[in-house]
Amino acid sequence: MAKPARRYVCQDCGATHAKWSGQCDACGAWNSVIEEQVLPTLPGKSLKNNSMKGTIELMPLSGPLDWSPRNMTEIEEFDRVLGGGLVPGSAVLIGGDPGIGKSTILLQVITKLSRTLECVYITGEEALDQVRTRGKRLGVDESSTLIASATNVRDIISCLDVASGPTVAVIDSIQTMYVDTLSSSPGTVSQVRAAAQELIRVAKNRGIALLLVGHVTKEGTIAGPRVLEHMVDTVLYFEGERGHQFRILRSVKNRYGPTDEIGVFEMTQTGLSEVKNPSELFLGDRINNIAGTCVFGGMEGTRPLLIEIQALVAPSPFGTPRRAVIGWDAGRLAMVAAVLEARCNISFSGKDIFLNVAGGLKVSEPGADLAVATAILSALYNIPAPDNCVIFGEIGLSAEVRAISHTDARIKEAAKLGFKSAFIPRQKSGFNKINDIAGINYQEIYDLSMLVQIFNEQKSSTALI
Ligand code: TYD
Ligand code: MG
């Protein structure tokens, strides 16, 4: 009998080596290379078949479209993140920390879809009774969704790859699935890659919308090779703080819609419920007239979102003062503090700076710079930032405030929530018109020294604007 081929695969990057080594040549990771056996023959119809070689048909680019309509889940937040519903034949990967609610949201989504489509939910993590109990809790136990507990990809494919097969399939999770032609254990790079490849191939052939759950590593990326993210059409991350009830579904890759779109949900006793106006939720606990806080007019994908930024500047007991950030980039905080020191003669020496994005949100926009600077100055001077004022703008290294996109959307959202004024970057002519509609009294901030000036003037008076 032929000796099974051996190969050595890095569990971090998926690179294959001829020999074992302590460090992966491709990505430099230590102790990540493990030995795997590849069985010489790959039986079964689900596996690669070369008999079709040379039979592809070349088609004109200008040919007719053969798209079936998208399937709407009726969970608006989910549909929007997908770019307007689930595309038949597409593969969607949903990653997130354990216990964040991936299984819950997918059970809710699939039971909604099963009203009109044939849907299956295949779990490799839970027993059928556990899924049924969850279904009861969510109030969806009357649904016509079919469930199965399986981990062998060959078995799963035999139920999906049939003429009267399902239209939507959930695989919870891809790390528990295994292909029996590989000797490595489920969850290893080779298994995850092979299982996903087989399932996606069948989904594309049969027009099945495939929803894959992916575990995340402690670094926060989906476990398995990066190639998994390339293989699927859409990658969604389900995020949230354990201490908070709300969850954010974020699209990071989408072949059929915009990225950076978010859907906001709240975890309740009966599953995840949609949050239609997230700004209200995130500003719900805000106390006005407190030094060190202000409201940032942010954008998440196509939706404006008002977020409270909080800062604390306190004398440092240490030789090297601390710069601690939660929910924003520590490098950008250091930059804003350095610009204030170097360009505006504000000294933070001997002072700790703490910055927090309220509600456990993570902000990645550079447009939050001006709001961060305002919160820091407000904390330093112990003067509240203007009441009912929304702030946004990017800060450059020479302290100039740069314009950012979607000014009108941000201001309209602020007006909707009763904000009266705004600190914004310098606008091109023609902006006033939009602004008059929103009815907000805005102040253009050209550079940081203007902001410092506002706080300095405020030292002697009571109201800022
Ligand atoms: P789950 O969907 O199992 O998480 P994942 O699949 O991402 O690991 O979510 C489990 C958590 O959600 C668990 O801590 C309990 C909580 N939960 C609720 O608060 N309400 C509910 O209705 C459900 C079903 C779960
Ligand atoms: Mg789960």
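Indexing begins at 1, ligand by ligand and atom by atom, following the structure's order.
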Asks: How far is atom 13 (C) of ligand 1 from the closest protein heavy atom, and which atom is that?
Replies: G99 O, 4.5 Å

Asks: Taking 4.0 angstrom as the limit and counting only heavy atoms of T270, give me the atoms of ligand 1 inside it, by number and element.
Replies: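 Counting from 1, the qualifying ligand atoms are 22 (O).
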
Asks: Can D172 be said to touch ligand 1, with heavy atoms closer than 4.0 Å?
Replies: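 Judged by the 4.0 Å heavy-atom criterion, D172 does not count as contacting ligand 1.
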
Asks: Can you tell me if an N/O/S atom from S103 lies under 2.8 Å from the Mg ion (ligand 2)?
Replies: yes

Asks: Can you pull out the closest protein heavy atom to atom 15 (C) of ligand 1? Residue, atom name and distance to 0.1 Å, please.
Replies: R137 NH1, 4.5 Å

Asks: Please work out whether any backbone atom (N, CA, C, O) or any side-chain heavy atom from C-beta onward of R134 is under 4.0 Å from ligand 1, and answer side chain, backbone, both or neither.
Replies: side chain

Asks: Name the closest protein heavy atom to atom 2 (O) of ligand 1, giving the residue it belongs to and the distance to 0.1 Å.
Replies: T104 OG1, 2.6 Å

Asks: Can you check side chain to side chain contact (heavy atoms under 4.5 Å, CB included) on E300 and E261, steps first, answer last?
Replies: CA-CA 6 Å; E300 288 288 353; E261 194 68 78; over 6 Å; no

Asks: Considering only heavy atoms, does V213 approach ligand 1 within less than 4.0 Å through its side chain, its backbone, both, or neither?
Replies: neither

Asks: Regarding R410 and the six-membered ring of F392, is the cationic atom NZ or CZ under 6.0 Å from the ring centre and inside 45° of its axis?
Replies: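 Yes - R410 lies over the ring of F392, closer than 6.0 Å to its centre and within 45° of its axis.
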
Asks: Which heavy atom in K102 sits nearest to a heavy atom in I94, and how many Å separate them?
Replies: CD-O, 3.9 Å

Asks: Under the side-chain hydrogen bond (donor to acceptor under 3.5 Å, both in side chains) rule, what do T234 and N254 come out as? Steps first, then yes or no, please.
Replies: CA-CA 4 Å; T234 304; N254 196 347; 3.1 Å; yes

Asks: Quick test: of every protein heavy atom, which one is nearest to atom 6 (O) of ligand 1, and how far off is it to 0.1 Å?
Replies: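 Residue, atom and distance for the closest contact: S103 OG, 2.6 Å.
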
Asks: Quick one: look up the protein heavy atom nearest atom 4 (O) of ligand 1 and list residue, atom name and how far away it is.
Replies: G101 N, 3.1 Å

Asks: Look up atom CZ in R255 and atom NZ in K253, then write down how far apart they are to the nearest 0.5 Å.
Replies: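 Spacing of CZ (R255) from NZ (K253) equals 4.0 Å.
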
Asks: Would you mind checking if K416 and E280 are paired as a salt bridge, meaning a charged N to carboxylate O distance below 4.0 Å?
Replies: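 A salt bridge is absent here (no side-chain N lies under 4.0 Å from a carboxylate O).
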
Asks: Which residue supplies the protein heavy atom nearest to atom 22 (O) of ligand 1, what is that atom called, and how far is it?
Replies: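 The answer is G271 N, 2.6 Å.
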
Asks: Can you confirm whether K112 sits close enough to I75 that some side-chain heavy atom of one is under 4.5 Å from a side-chain heavy atom of the other?
Replies: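 Yes, close enough: below the 4.5 Å cut-off.
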
Asks: Heavy-atom contacts with P98 under 4.0 Å: which atoms of ligand 1 show up? List them by number with element.
Replies: 8 (O)

Asks: Examine distances only and state if a side-chain atom of T16 and a backbone atom of V9 form a donor-acceptor pair shorter than 3.5 Å.
Replies: no

Asks: Just to confirm my output: which protein heavy-atom neighbour is closest to atom 19 (O) of ligand 1, and how far is it?
Replies: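 Going by distance alone, atom 19 (O) of ligand 1 is nearest to M267 CG, 3.3 Å.
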
Asks: Considering non-hydrogen atoms of the protein only, which is the closest contact for atom 20 (N) of ligand 1, and what is the distance?
Replies: T268 O, 2.8 Å

Asks: Is the shortest side-chain N to carboxylate O distance from R132 to D141 below 4.0 Å?
Replies: no

